[in-house]
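Okay, so here's the structure we're looking at.
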2 protein chains.
Amino acid sequence: MLLTDRQLLILQVIVDDFIRSAQPVGSRSLSKKEEISLSSATIRNEMADLEELGYIEKTHTSSGRVPSEKGYRYYVDHLLSPQDLNQQDIAIIQSIFAERIFEFEKIIQRSAKILSELTNYTSIVLGPDVSINKLKKIQIIPLNEETAVAIFVTDTGHVENRTFSLPATVDASDIEKTVNILNDRLSGVPLENLNDKIYKEVAMLLRQHIHNYDFMLHTILDSFKMPLTEKLFFGGKTNMLSQPEFHDVAKVRSLLTMIDQEEWFYNLIRTGSAGIHVKIGTENNNSAMDNCSLITASYSVGSEKLGTIAILGPTRMEYSRVISLLQFLSRDLTTVLTKLYQNN
Amino acid sequence: MLLTDRQLLILQVIVDDFIRSAQPVGSRSLSKKEEISLSSATIRNEMADLEELGYIEKTHTSSGRVPSEKGYRYYVDHLLSPQDLNQQDIAIIQSIFAERIFEFEKIIQRSAKILSELTNYTSIVLGPDVSINKLKKIQIIPLNEETAVAIFVTDTGHVENRTFSLPATVDASDIEKTVNILNDRLSGVPLENLNDKIYKEVAMLLRQHIHNYDFMLHTILDSFKMPLTEKLFFGGKTNMLSQPEFHDVAKVRSLLTMIDQEEWFYNLIRTGSAGIHVKIGTENNNSAMDNCSLITASYSVGSEKLGTIAILGPTRMEYSRVISLLQFLSRDLTTVLTKLYQNN
DNA sequence: ATTAGCACTCGGTAACCATGAGTGCTAACA
DNA sequence: TGTTAGCACTCATGGTTACCGAGTGCTAAT
């Protein structure tokens with residue numbers, strides 16, 4: 001069953017109004033709006049229909065209406081008027097890239113901060129997926145007789161390091177030879193393929209040249225099995241507390257503990273394809289987020305999808321504005337990062 | 001004016017009881033305690049005196065008594081019965097060191113987690129002060145024509161890295177020479193002294209050997225000016241929300257935003273001398289912490305103070321238990337870390 | 001010095017009521 | 001037939017009142 005234009009208009013105005021005021025919307029206040037020139041009685045009839053169809057709800061028998069999840073979903077899918085960003089927002093976003101920065105993480109971190117400040121919601125930025133970065137150089141630096149640290153540098157300037165124990169039987173020349181072989185063979189290989197490549201191609205080579213091959217290989221290779229967790233950066237974690245829907249400490253608690261549960265969020269956010277995605281309320285499959293919506297966008301370098309930026313807010317979120325902001329920022333991030341790292 | 005033994009006993013029982021129950025303590029319930037064999041009337045008289053002296057307070061005219069800040073202070077300074085840790089707690093703490101770990105940060109991070117779980121308060125662990133670590137090795141790795149990354153490894157296996165822009169005029173041999181000179185001259189120097197040492201001793205040397213000395217020096221040295229912020233690790237940030245004193249969202253908000261304000265906390269915690277320190281309520285000089293107490297302890301390697309572990313809880317905190325835990329953990333941390341890193 | 005007894009205070013809870021914003025329905029109207 | 005005015009009804013909200021009980025301070029007896 002399709003909605004009439006009038007019903008669409010009313011739905012849209014209800015959602016807009018509720019997003020602004022956080023108060024249930026009544027027929028009388030709707031009838032006073034410029035866009036709508038109908039009597040409150042007519043509007044009541046239409047609202048009854050909209051409710052029957054599941055787009056709006058009452059909080060109690062004689063209250064005004066509030067958008068349902070289905071209502072928000074419809075609003076986001078069909079009624080959203082793409083809002084232009086104002087000049088000031090654009091300027092603020094672009095200030096992220098104002099100074100010339102070389103480190104990925106800094107840019108990402110600053111993006112998270114700015115996003116949360118612009119929206120007053122919580123921002124989450126998933127750092128670049130390190131595992132597709134290509135290895136530039138490996139170094140092994142002995143610390144003392146028992147331990148050494150292995151350092152991996154990628155073509156994007158990202159540095160990973162692992163400390164491992166070094167059997168006393170291994171001597172300096174072995175280490176040097178190993179490092180040389182590794183660099184020779186592994187340079188340019190994406191981190192995620194290191195292990196594979198080593199076992200298939202490099203192991204044999206090492207066996208030929210290195211005395212304590214077995215020891216050497218295993219201690220070092222163990223440190224290669226990196227749990228390359230991309231880093232999550234949060235901004236405005238406490239912003240949600242100022243939203244009226246979180247005046248209840250229990251809700252706040254479950255939401256915040258959820259946010260601090262980083263692994264969970266990581267999965268929630270990573271699993272998006274390119275483009276903007278909106279998940280509303282229970283669509284997030286987590287009771288702590290029943291009153292929340294999550295909007296995600298991805299950024300990339302060239303054609304490789306690198307990471308995700310996201311905004312977590314109440315279901316009563318300024319969808320239009322947030323979507324515009326994310327679109328704008330993700331495009332900018334992509335442009336800047338592509339310029340910076342494409343040509344290696 | 002000194003307190004009588006009886007007053008001390010009553011004060012102690014009041015504080016103990018209130019810490020347990022979070023409810024104002026009345027004369028009747030006190031008279032029923034085993035330790036106290038007085039009628040409620042007598043206790044009322046004593047309580048009136050204690051109140052006049054400022055050790056306890058009423059929440060309203062006819063309520064039971066609650067410890068004042070002065071009361072907690074006296075309790076912590078004089079009435080604390082050093083409580084033994086139970087076997088289970090000890091086991092849990094020692095599980096931190098169960099597997100052999102090489103990385104400082106991991107130990108620290110896990111300590112924070114365990115502390116918060118054991119206490120149900122918020123734990124804060126200030127990582128080791130990297131600036132006193134001694135430089136083991138510097139490496140400079142070019143990424144492309146324009147950028148390079150400098151890597152600093154300390155004797156403890158800590159790795160710092162900085163990306164910087166590399167003027168096209170600098171060629172590979174210059175870099176190599178520079179790195180050699182730097183390693184030759186700076187090995188063993190604490191990071192905090194690097195800059196000094198460079199300008200006093202190494203600059204001259206570099207000038208003699210390197211073509212593009214000025215360029216080289218400044219771009220690299222800029223990256224040496226590291227804001228070596230020791231890392232703060234938090235555990236149980238949301239634990240405070242389960243405390244009854246934080247049933248009010250406004251308080252929660254101000255406290256959490258305060259916690260996320262990392263620099264502030266950093267200063268609050270770093271400024272302690274060795275040993276255990278207890279700061280109660282307004283002693284923290286921060287209105288968001290008026291209802292909180294902060295207990296800190298430091299850990300070290302050998303004689304060098306390295307970092308701090310701390311617990312943030314309500315003023316109604318289990319002082320005895322928390323102090324015991326911190327004492328125990330800081331001693332263990334010191335032992336383990338000393339064994340691990342002393343002999344470089 | 002201690003305690004029993006008593007009047008008093010005050011937070012908390014429940015009951016009650018008035019108010020007003022909002023609804024659904026019916027009947028009149030264009 | 002779609003729109004609107006009118007009206008009875010619902011319910012959250014906030015204020016008033018009353019009552020209970022835990023706890024106090026004071027006085028007088030032990």
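Here the structure is a predicted model, which means the values were calculated and not measured. The sequence lines fix the lettering, A, B, ..., with proteins before strands; numbering per chain opens at 1.
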Interatomic distance, [X] [atom1] vs [N] [atom2] [rounded to whole Å]:
X	N	atom1	atom2	value
B/Met47	D/dG25	CE	P	7 Å
A/Glu46	C/dT23	CD	P	14 Å
B/Arg28	D/dG21	CZ	C1'	11 Å
B/Ile43	D/dG23	CD1	C1'	13 Å
B/Ile56	D/dT24	CD1	P	9 Å
A/Leu38	D/dT1	CG	C1'	16 Å
B/Asp49	D/dG25	CG	C1'	13 Å
B/Asn45	D/dC26	CG	P	9 Å

Counting C-beta onward and ignoring hydrogens, is there a side-chain heavy-atom pair between [X] and [Y] closer than 4.5 Å?
X	Y	answer
B/Asn120	B/Ser242	no
A/Tyr75	A/Leu80	yes
A/Gln243	A/Tyr121	yes
B/Ile14	B/Met47	yes

Sugar-phosphate only, base, or nothing, as touched by B/Thr42 at under 4.0 Å among non-hydrogen atoms: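 Result for B/Thr42 = base.
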Would you say CD of A/Gln87 has more than 12 non-hydrogen atoms from neighbouring residues, nucleotides or ligands within 6.0 angstrom?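 No, not enclosed.
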Whether over 12 other heavy atoms sit under 6.0 Å from A/Arg73 CZ: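 More than 12 heavy atoms, drawn from other residues, nucleotides or ligands, come within 6.0 Å of this atom.
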Partners of A/Arg20 by salt bridge (Lys or Arg N to Asp or Glu O under 4.0 Å), sequence neighbours excluded?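 Partners of A/Arg20 by the salt bridge (Lys or Arg N to Asp or Glu O under 4.0 Å) criterion, ordered by chain and then number, come out as A/Asp17.
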Would you please confirm or rule out a distance under 4.0 Å between OP1 or OP2 of C/dT23 and any side-chain N or O of A/Ser27?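 Yes, A/Ser27 has a side-chain N/O under 4.0 Å of OP1/OP2 on C/dT23.
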Among C/dG24, D/dT24, D/dT3, the nucleotide that comes nearest once only the side chain of A/Glu51 is considered: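 Per side-chain heavy atoms of A/Glu51, the pick is C/dG24.
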Return the nearest nucleotide to the side chain of A/Arg65; candidates are C/dG24, D/dT24, C/dT2.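 Nearest nucleotide to the side chain: C/dG24.
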Given protein heavy atoms under 4.0 Å, the one-letter contact record of nucleotides 8-17 of chain D, with B base, S sugar-phosphate only and - none, is simply --BBS-----
Are any protein N/O atoms closer than 3.5 Å to N/O atoms in nucleotides 4-6 of chain C? If there are, list each pair with its distance.
| unit_1 | atom_1 | unit_2 | atom_2 | d |
| --- | --- | --- | --- | --- |
| C/dG5 | O6 | B/Arg44 | NH2 | 3.2 |

Show your working on side-chain contact (heavy atoms from CB on, under 4.5 Å) between A/Lys279 and A/Met289 and close with a plain yes or no. CA-CA 10 Å; A/Lys279 287 205 171 181; A/Met289 289 178 65; over 6 Å; no
Apply side-chain contact (heavy atoms from CB on, under 4.5 Å) to A/Ile10 and A/Ile56, showing your working. CA-CA 11 Å; A/Ile10 290 177; A/Ile56 53 180; over 6 Å; no
